[in-house]
**Q** 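Please find one structure pasted underneath; my questions will follow.
Just so it is clear, the values below take in all heavy atoms, side chains as well, and ignore hydrogens, waters and symmetry mates.
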Amino acid sequence: MKLIDNINETKAPDAIVEPNATETTIPVVLCINKETGHEYLSSGDLVIIESTNSNKLERYVTLGKLTNVTTVSPNEEDDRHTFNQARVMVDIEDMEMGTYDTMLDGTIYKTGQVSILQVTKYQIGQPNPISSEGSISDPIPPNTPVYKLNDLSDIDLGTWRVENFGFFAGTDVPVPCYLVDNRTWQHDSRNKGFFGGTGSGKSIIMAAEVDRHFDTDMNMFVIDPKGQIAYQQLPTSRNFRRRAEKFNRKLNILTLNDIFIKLDQNVFAKLLNSKKLFGNRTYWDKMASSDRQSLVEVFTEVCFEELKTEFNNWIRFSYETSELVTGALEIIKNQNIQRIYSGTVPQNRLIGTIDRAITSDNILRKISNILEQVRLFFDYSENKLSVSDIAKDLLVGERTVTVVVPTIENNNHSDSFESDDVYQIFVSKILQEVRNKLRYPTSEFKVQNGYNSAIIVDEAQNLFPYNTQDEELTKATSAICEIAETYRSKGISTWVASPSPTLINKNLKNRIFDHDLYIGSKLTLSAKREINDQITDKNVQSEFDRIPKPHKELNKEGKAEVKHVHFLFKGKLTPLDHDEKGTIVRIDLEKDNKSDDI
């Protein structure tokens with residue numbers, strides 16, 4: 001690759017290297033380039049520098065980003081000779097061509113610093129590179145010309161597949177990002193964290209990453225609590241179903257009615273509570289929430305233990321619901337009333353309520369409707385996928401994408417479920433099943449070359465909160481933490497999106513912070529402190545401190561639409577970030593409704 005050829009033609013540089021370059025940074029003086037007609041370079045511009053080491057017979061192509069551009073007046077500069085010294089070898093012809101701007105008393109000039117992104121090393125005379133690194137062992141000598149780069153097509157980016165994703169902030173130069181699945185990463189599958197305040201675009205970016213990975217063989221299980229991906233509500237998910245078909249993906253979009261789970265006493269009680277059993281004033285006296293939950297738990301226990309035979313027959317649709325309800329309430333009234341209330345007055349009030357329910361066909365019907373709605377979740381049919389089926393598709397499926405949304409069909413017009421509560425139960429059961437199949441693999445789950453799968457969770461703070469006493473959420477958090485830590489090396493990656501890393505379980509956060517981060521704007525102060533601790537480069541920190549908020553414009557209908565968002569990409573996301581310092585990326589969100597692309 002010969003990017004600069006000053007033998008056949010003279011090319012005016014945009015800057016020249018000053019003394020004291022290091023392995024990772026290069027001080028430069030900027031020039032007004034009259035040949036190309038553009039003004040001084042700006043912070044954030046990409047530049048390219050060629051240098052050689054004649055002793056080693058090596059040639060280096062250095063790609064960098066300009067930072068710390070400052071305006072300096074020589075009348076105020078203590079070390080003015082440095083600027084002039086860099087022009088010692090400039091002759092009159094060069095100056096007339098505009099190769100360098102002249103330095104006169106009172107002239108204002110600019111300096112900057114190039115932060116090295118990538119150094120590609122070649123043997124002199126050979127077209128193929130020896131290596132690609134994030135620093136240069138032979139610091140670039142003074143007077144070396146520096147050129148602005150508007151196109152990365154000539155840059156060697158290594159052997160792994162890359163795809164453009166957004167633009168370097170402040171430029172129109174696309175950012176090359178890796179597009180490889182977990183089998184390609186082998187023992188270094190990458191967990192991913194998408195963080196940013198409400199409206200920052202984190203779900204947009206996560207959906208874009210899901211879409212990009214359609215063109216790999218990686219299986220994906222997407223936990224989509226807002227339905228923004230499944231129902232194509234984001235700029236980056238608007239063609240979700242069509243693109244899944246385009247890339248020959250097996251796509252399962254599942255509501256909670258589409259999933260079968262095994263009968264479990266704790267889950268049964270939670271579902272009854274979610275349905276607000278004994279909570280409707282039209283058929284039941286008012287109870288405190290904690291007392292009502294105690295009643296539901298006792299009711300469930302009676303069904304699973306004292307009325308075990310009748311309950312199992314009811315589950316199989318061979319026992320009347322009203323008879324089961326009547327039998328359970330009678331047992332509660334006669335044997336368990338003290339487990340709900342300790343005082344005589346509330347006990348007598350509850351007994352009276354139970355008596356009215358037992359003798360009222362209308363009340364029994366309302367209670368029965370709730371139980372029958374809950375029973376549907378445990379009723380297996382060919383149209384449903386079991387928790388085990390979903391885990392199988394994720395771990396050993398063929399290019400499968402499964403998306404679960406918190407939609408529940410209410411087909412008997414009884415009180416609605418608290419869908420979030422039910423959703424958390426189902427997702428918890430799925431994650432536990434995945435974890436168990438990884439822990440104790442049998443037959444087809446004993447893979448030789450590792451898995452190739454990603455678990456993708458939007459609004460992760462609701463499923464894996466920083467602190468919780470909820471039993472199912474605790475189990476779900478334990479499962480995802482074990483998957484993210486132990487099974488990453490076996491080809492399972494975990495992606496989470498949350499407004500702040502401080503809102504999710506600490507152990508999970510640590511497993512995510514070890515890998516790839518996509519950080520947007522609108523962070524809280526506590527979130528900003530957490531993120532700042534992950535940024536080790538002062539230039540990147542300075543850019544991140546000024547990261548723009550999402551840019552919106554009014555459409556023809558007068559509705560504000562997001563046109564572009566900025567995110568810090570940090571981790572092994574692009575071959576141009578060898579040291580994982582991070583870079584600010586602009587993602588444009590223009591829509592083309594005639595295109596399959598996002």
**Q** Hey, is the main chain of N369 close enough, under 3.5 Å, to the side chain of Q373 for a donor-acceptor pair?
**A**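 Between the backbone of N369 and the side chain of Q373 there is no qualifying donor-acceptor contact (under 3.5 Å).
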
**Q** Does either side chain, that of N436 or that of Q432, offer a donor lying less than 3.5 Å from an acceptor on the other one?
**A**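 No, no side-chain donor-acceptor pair sits under 3.5 Å.
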
**Q** Rounded to the nearest 0.5 Å, what's the gap from CZ on R212 to CG on D215? Could you check?
**A**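 CG of D215 is found 10.5 Å from CZ of R212.
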
**Q** Going by atom types alone, do N452 and N182 pair a side-chain donor with an acceptor below 3.5 Å?
**A**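 No, because no side-chain N or O of N452 sits under 3.5 Å from a partner of the opposite role on N182.
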
**Q** Taking only residues two or more places apart in sequence, or in another chain, which ones meet F278 in a ring-ring contact (aromatic ring centres under 6.0 Å, His included)?
**A** W284, F299

**Q** Kindly say whether the aromatic ring centers of Y178 and F165 come within a distance under 6.0 Å.
**A**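 Not close enough - the centres of the two rings lie 6.0 Å or further apart.
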
**Q** Checking the side chain of R435 only, and the main-chain atoms of I430 only, is there a donor and an acceptor separated by less than 3.5 Å?
**A**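 No, R435 side chain to I430 backbone: no donor-acceptor pair under 3.5 Å.
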
**Q** Supply the atom-to-atom distance N467 CG to L503 CG, rounded to the nearest 0.5 angstrom.
**A**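 Those atoms lie 12.0 Å apart.
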
**Q** Would you compute the distance between atom CD1 of I512 and atom CD1 of I504 and round it to the nearest 0.5 angstrom?
**A** 6.5 Å

**Q** Of all heavy-atom pairs between A207 and I229, which one has the smallest distance, and what is that distance?
**A**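 Result for this residue pair: CB-CG1, 4.1 Å.
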
**Q** Other residues, nucleotides and ligands only: do more than 12 of their heavy atoms fall within 6.0 Å of CZ on F304?
**A**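 Buried by this count: over 12 neighbours within 6.0 Å.
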
**Q** I'd like to know whether K581 forms a side chain to side chain contact (heavy atoms under 4.5 Å, CB included) with S115, so could you lay out the CA-CA distance, the side-chain angles of the two residues, the decisive distance to 0.1 Å, and finally the verdict.
**A** CA-CA 11 Å; K581 297 176 182 177; S115 178; 4.2 Å; yes

**Q** With a 4.0 Å cut-off on N to O distance, would you call R242 and E245 a salt bridge?
**A**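 Salt bridge: no.
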
**Q** Is the shortest distance from a Lys or Arg side-chain nitrogen in E209 or K192 to a carboxylate oxygen in the other one below 4.0 Å?
**A** yes

**Q** If you apply the rule side chain to side chain contact (heavy atoms under 4.5 Å, CB included), what do you find for K276 with R292, and how did you get there?
**A** CA-CA 9 Å; K276 295 292 188 290; R292 186 186 65 80; 3.5 Å; yes

**Q** Could you tell me if the side chain of V404 sits less than 4.5 Å from the side chain of D224, heavy atoms only?
**A**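 D224 does not reach V404 side chain to side chain.
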
**Q** Are any non-hydrogen side-chain atoms of V374 and L272 less than 4.5 angstrom apart?
**A** yes

**Q** Could you check whether any side-chain heavy atom of I584 comes within less than 4.5 Å of a side-chain heavy atom of E543, counting everything from C-beta outward?
**A**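 Yes, side chains in contact.
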
**Q** Within this structure, what is the NZ-CG distance for the pair K509 and N191, rounded to the nearest 0.5 Å?
**A** 14.5 Å

**Q** Roughly how far, to the nearest 0.5 Å, is the CD atom of E382 from the CZ atom of F260?
**A**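 Taking CZ in F260 and CD in E382, the distance rounds to 13.5 Å.
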
**Q** Can you find a side-chain donor-acceptor pair between E530 and T502 that sits under 3.5 Å?
**A** no

**Q** Mind checking whether T216 and L179 have side chains closer than 4.5 Å, heavy atoms only?
**A** yes

**Q** Judged by atom type as modelled, is there a donor-acceptor pair below 3.5 Å linking the side chain of N532 to the main-chain atoms of K528?
**A** yes

**Q** Answer yes when R586 and D588 have at least one side-chain N-carboxylate O distance shorter than 4.0 Å, and no when they do not.
**A** yes

**Q** Looking only at atom types and distance, does a side-chain atom of T120 sit under 3.5 Å from a main-chain N or O of S132, one as donor and one as acceptor?
**A** no

**Q** Please confirm whether the backbone N or O of S489 pairs with a side-chain atom of H187, one donor and one acceptor, at under 3.5 Å?
**A**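 Answer holds: yes.
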
**Q** Tell me, do P176 and L576 make a side-chain contact under 4.5 Å, heavy atoms counted?
**A** yes

**Q** Report yes or no: does R399 contribute a side-chain atom to a donor-acceptor pair with the main-chain N or O of F214 at less than 3.5 Å?
**A** yes

**Q** What verdict does the ring pair (Phe, Tyr, Trp, His ring centres under 6.0 Å) test give for F311 and F268, after you've listed the backbone C-alpha separation in whole Å, the side-chain angles of each residue and the deciding distance to 0.1 Å?
**A** CA-CA 12 Å; F311 181 74; F268 192 83; 5.3 Å; yes

**Q** Any side-chain donor paired with an acceptor under 3.5 Å for D181 and T184?
**A**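 There is such a pair between these side chains.
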
**Q** Counting neighbours of CD on E398 that are heavy atoms of other residues, nucleotides or ligands and sit closer than 6.0 Å, is the number greater than 12?
**A**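 Count not over threshold, so no.
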
**Q** Under 3.5 Å, is there a donor-acceptor pair between the side chain of S542 and the main chain of N539?
**A** no

**Q** Got E471 and N266 here, is their nearest side-chain heavy-atom distance under 4.5 Å?
**A**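 Yes - at least one pair of side-chain heavy atoms lies under 4.5 Å apart.
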
**Q** Which is it for N313 and R316 under the side chain to side chain donor-acceptor pair (under 3.5 Å) test, yes or no, and what are the steps along the way?
**A** CA-CA 5 Å; N313 288 333; R316 294 192 292 267; 2.8 Å; yes

**Q** Would you confirm whether S521, through its side chain, and I547, through its main-chain N or O, come within 3.5 Å as a donor-acceptor pair?
**A**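 A pair under 3.5 Å: no.
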
**Q** How far apart are the C-alpha atoms of T574 and D577, what are their side-chain angles, what is the distance that settles it, and do they pass the side chain to side chain donor-acceptor pair (under 3.5 Å) test?
**A** CA-CA 6 Å; T574 168; D577 190 12; over 6 Å; no

**Q** Please tell me whether H515 and W495 form a close aromatic pair, meaning their ring centres lie under 6.0 Å apart.
**A**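 Not close enough - the centres of the two rings lie 6.0 Å or further apart.
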
**Q** Is K570 close to L573 at the side-chain level, that is, under 4.5 Å between some pair of heavy atoms?
**A**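 No - every pair of side-chain heavy atoms lies 4.5 Å or more apart.
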
**Q** Using 4.0 Å as the upper bound for N to carboxylate O, is an ion pair formed by D516 and K572?
**A** no

**Q** Could you check E459 against Q461 for side chain to side chain donor-acceptor pair (under 3.5 Å), going step by step and ending with a plain yes or no?
**A** CA-CA 6 Å; E459 302 295 331; Q461 73 281 359; 2.6 Å; yes

**Q** Cation over ring, R375 on F317, under 6.0 Å and within 45°?
**A** yes

**Q** Run the salt-bridge test on R190 and D188 with the 4.0 Å N-O cut-off and return the result as yes or no.
**A**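 Answer for the salt bridge query: yes.
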
**Q** Quiz question: by atom type and distance under 3.5 Å, do the side chains of K65 and T583 form a donor-acceptor pair?
**A**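 Yes - a donor-acceptor pair under 3.5 Å links their side chains.
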
**Q** State whether E433 and K437 are salt-bridged, where the test is any N-O pair (Lys NZ or Arg NE/NH1/NH2 against Asp/Glu carboxylate O) under 4.0 Å.
**A**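 Yes, E433 and K437 are salt-bridged.
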
**Q** Does a side-chain N-to-carboxylate-O contact under 4.0 Å join D389 and K384?
**A**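 So D389 does not pair with K384 through a salt bridge.
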
**Q** List the steps and the verdict of side chain to side chain contact (heavy atoms under 4.5 Å, CB included) for I535 and L568.
**A** CA-CA 10 Å; I535 303 175; L568 168 66; 3.7 Å; yes

**Q** Between the main-chain N or O of L234 and the side-chain N or O of S237, is there a donor-acceptor pair closer than 3.5 Å?
**A** yes

**Q** Determine whether a donor-acceptor pair (N or O, by modelled atom type, separation under 3.5 Å) exists between the side chain of K202 and the backbone of G196.
**A** yes

**Q** If you define the side chain from C-beta out and look only at heavy atoms, does anything of I456 sit under 4.5 Å from M206?
**A**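 A side-chain contact under 4.5 Å exists here.
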
**Q** I'd like to check the salt bridge (charged side-chain N to carboxylate O under 4.0 Å, His left out) partners of D421; sequence neighbours left out, ordered by chain and number.
**A** none

**Q** Is the distance between the ring centroids of F569 and Y518 under 6.0 Å?
**A** yes

**Q** Enumerate the ring-ring contact (aromatic ring centres under 6.0 Å, His included) contacts for residues 421-460, please, sequence neighbours excluded, ordered by first and then second residue.
**A** F377-F426

**Q** For S428 and E472, run side chain to side chain donor-acceptor pair (under 3.5 Å): C-alpha distance rounded to whole Å, both residues' side-chain angles, the deciding distance at 0.1 Å, then the answer.
**A** CA-CA 6 Å; S428 175; E472 282 302 324; 2.9 Å; yes

**Q** Consider salt bridge (Lys or Arg N to Asp or Glu O under 4.0 Å). Of R488, R439, K475, which one does E482 pass it with?
**A**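 Answer after filtering R488, R439, K475: R439.
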
**Q** Taking atom CD1 of I408 and atom CG of L256, what is their separation to the nearest 0.5 Å?
**A** 5.0 Å

